Novice: 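Okay, handing you the structure first.
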Number of protein chains: 2
Amino acid sequence: MEIPDSIRCEFEERGGIDGITKLLPGDQRIKDITSIARALSDPVRLRVMLALCMQPMCVCLLVSMTGYAYSKMSYHLSVLKDCGLVCARQEGNYLIYYPTDPGRKIVEWIEGWW
Amino acid sequence: MEIPDSIRCEFEERGGIDGITKLLPGDQRIKDITSIARALSDPVRLRVMLALCMQPMCVCLLVSMTGYAYSKMSYHLSVLKDCGLVCARQEGNYLIYYPTDPGRKIVEWIEGWW
DNA sequence: CCAATGTTTCAAAGAGGCTTGAAATCTTGG
DNA sequence: CCAAGATTTCAAGCCTCTTTGAAACATTGG
């Protein structure tokens, strides 16, 4: 295995392939991160997430705001919920969705970034 | 359109559906964010991205570290590159990939988060 | 120029995510 | 209990992303 000169030195100081591999996160952590990234990788869900951070809303409001079908909205909300970005409380006949604490922090970071 | 009592007041103070919709980011910004989220939503790419933040590497090193085919690695690197998370410099026969400044900041934030 | 190595491109197959409408579930008011 | 509205579940089709191997391209050394 050849290694270009410009990186060989520092590469070997870091313990080579083994050294770097050992510092990488384990499967569970990778899964946690990728599931959140995937949740935010769809324009529908990102907009819903941003909207919920401004204002908790029931599904019917989200449907009314976006024009999407209930089943579509429900699917996307379930993705956001399964990775821990949002949760919901029941009020009478309504389910009101709102961001979790981690969800809100992530959104605030994104908003501050761009 | 019925609105549950617990949110009607604050919902209307925010200008209702129109008020909230107007504060949401435009299409281009949504696209920028979702493309980065999508890039980090695949375990292969997330690991490669984290590894490159420890140590710039040529493709052959990444291939050797992961056991993936060249074409597979190349595909994932192109996704990371297209959304601006990594870039590459040529050295002789090698292409050495490394994180962009924004790419590094995002990874550092992720690492600090979890 | 040729051979060897590193890397990307391409097309086809495979896998997984998204959309859709209908049906099922749940809650409340009568 | 029944009817109405809110929400979820389900299965099917569709579409996009990922994987794979072969071929093409690029760079270096001889």
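Letters go in sequence order (proteins before strands), and every chain restarts at 1. Just so you know, these numbers come straight off a predicted model, no measurement behind them.
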Novice: State which of dT7(D), dT9(D), dT7(C) makes the closest approach to the side chain of L95(B).
Specialist: dT7(C)
Novice: Which value, rounded to the nearest 0.5 Å, describes the distance between C60(B) atom SG and Y70(B) atom OH?
Specialist: 4.5 Å
Novice: For S41(A) and E91(A), take the nucleotide of DNA chain C holding the closest heavy atom to each; which residue's nucleotide lies nearer the 5' end?
Specialist: S41(A)
Novice: Could you check how far CG of D42(A) sits from P of dG16(C), rounded to whole Å?
Specialist: 18 Å
Novice: Given the ring of Y75(A), does K72(A) sit roughly above its face, with NZ or CZ under 6.0 Å from the centre of the six-membered ring and within 45° of the axis?
Specialist: no
Novice: By nearest heavy atom, map K72(A) and N93(A) onto DNA chain D; which one lands nearer the 5' end?
Specialist: N93(A)
Novice: Provide the closest heavy-atom pair for I96(A) versus S6(B) in the form atom of the first, atom of the second, distance.
Specialist: CD1-OG, 3.4 Å
Novice: Return the minimal non-hydrogen interatomic distance between L52(A) and Y97(A), and the atom names on each side.
Specialist: CD2-O, 3.5 Å
Novice: Could you tell me the separation between the NZ atom of K81(B) and the P atom of dT7(C), rounded to a whole number of Å?
Specialist: 12 Å
Novice: How close or far is atom C1' of dA4(D) from atom OH of Y94(A), stated in whole angstroms?
Specialist: 11 Å
Novice: Between Y75(A) and dG21(C), does any side-chain N or O lie under 4.0 Å from OP1 or OP2?
Specialist: no
Novice: Nearest to the side chain of S74(A), heavy atoms from C-beta on, is which of dT18(D), dT7(D), dT8(D)?
Specialist: dT8(D)
Novice: If you find the nucleotide of DNA chain C closest to R38(A) and the one closest to G92(A), which residue's nucleotide is nearer the 5' end?
Specialist: R38(A)
Novice: Could you give the CE-to-P distance, from M73(A) to dA6(D), as a whole number of Å?
Specialist: 15 Å
Novice: Would you kindly give the OH-to-P distance between Y68(A) and dT7(D), to the nearest whole Å?
Specialist: 18 Å
Novice: Grab the CD1-P distance between I3(A) and dG6(C) for me, whole Å please.
Specialist: 11 Å
Novice: Side-chain N or O of R45(B) versus OP1/OP2 of dC17(D): is the shortest distance under 4.0 Å?
Specialist: no
Novice: Expressed in angstrom and rounded to an integer, what is the separation of M57(A) atom CE from dT7(D) atom P?
Specialist: 12 Å
Novice: If you check the V59(B) side chain, which of dT8(D), dT8(C), dC17(D) turns out closest?
Specialist: dT8(C)
Novice: Do M57(A) and V63(A) belong together in a cluster built from hydrophobic side chains that touch within less than 4.5 Å?
Specialist: yes
Novice: Strictly below 4.0 Å: does H76(A) bring a side-chain N or O up to OP1 or OP2 of dG17(C)?
Specialist: no
Novice: Roughly, in whole Å, what's the span from OH in Y70(B) to C1' in dT18(D)?
Specialist: 20 Å
